[in-house]
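Report on the structure given below.
It should be emphasised that the depicted structure is a prediction, and the values quoted were computed from it without experimental measurement. For the single chain, residues carry numbers from 1 onward in sequence order.
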Amino acid sequence: ASLNLLMLGADMARVIEGYLALHPKGNLNTTILSHDPEAIAFAKAILNGQGDRVQYLEQNIFSLQLDSSFDLIWGSLHPNILKEEFRGILVQLFPLLNTGGKALFSFLQAHSTISHLLAFVGWELAYPSLSGIHSLCREILPPGYEATCWGNIPSSYGLLEIANTQPLIS
């Protein structure tokens with residue numbers, strides 16, 4: 001069986017390159033999604049020669065049209081993403097996640113000054129705190145999905161895991 005990975009952005013292309021080099025006959029099929037043509041070109045340059053093991057999609061996540069589903073969705077979140085943008089990203093990704101699949105997002109929390117400035121003009125960050133991102137996920141996750149959030153409070157680094165725990169339909 002193969003593992004289907006959707007990588008949001010091209011910043012982890014070197015990790016994929018390393019895995020594919022160590023497992024030349026491995027079963028990882030990777031789709032790299034980015035709206036940035038330079039990011040796609042960067043990933044293609046790094047992953048040159050991987051043939052049908054890597055596909056590239058130059059699309060905006062908010063207008064994503066895919067017939068595929070994935071076992072793992074992997075990406076990193078910008079620290080200043082707005083709550084409604086994050087909600088929109090998750091809503092686009094839910095249907096793409098296979099039963100038993102996981103979506104993993106690494107993130108760096110926004111500086112409190114940025115949070116306060118955006119709140120002043122009426123904008124709300126998706127995760128002004130580690131508990132904030134977890135609360136937002138619990139609020140918007142459909143039935144059959146679970147969210148777990150880990151973080152290092154002093155450094156503001158975190159990891160969000162969303163799992164599709166729906167039972168398999170037989």
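With hydrophobic clusters built from ILVMFWY side chains whose heavy atoms lie under 4.5 angstrom apart, I46 shares a cluster with L5.
I89 CD1 to L8 CG: the interatomic distance, rounded to the nearest 0.5 Å, is 8.0 Å. Distance check: L66 CG to L6 CG gives 7.0 Å after rounding to the nearest 0.5 Å. Put simply, CG on L28 and CG on L3 are 5.5 Å apart, with the number rounded to the nearest 0.5 Å. A distance of 8.0 Å separates CZ of R53 from OG1 of T30, quoted to the nearest 0.5 Å.
Nearest approach of A163 to K102, heavy atoms of both residues: CB-NZ, 3.9 Å. Scanning both residues, G9 and I32, for their nearest heavy atoms gives O-CG2, 3.6 Å. Of all heavy-atom pairs between T165 and Y145, the closest is OG1-N, 4.0 Å. Between L141 and E146, the closest heavy-atom pair is CD1-C, 3.8 Å. Smallest separation of non-hydrogen atoms from A10 and A39: CB-O, 3.3 Å.
Between Q59 and L33 there is a side-chain heavy-atom pair separated by less than 4.5 Å. Under the 4.5 Å side-chain criterion, counting only non-hydrogen atoms from C-beta, F42 is not in contact with D36.
The salt bridge (charged side-chain N to carboxylate O under 4.0 Å, His left out) contacts involving residues 17-27 comprise R14-E17, where partners must be two or more places apart or lie in separate chains. For residues 11-32, the ring pair (Phe, Tyr, Trp, His ring centres under 6.0 Å) pairs, not counting sequence neighbours, are Y19-H23.
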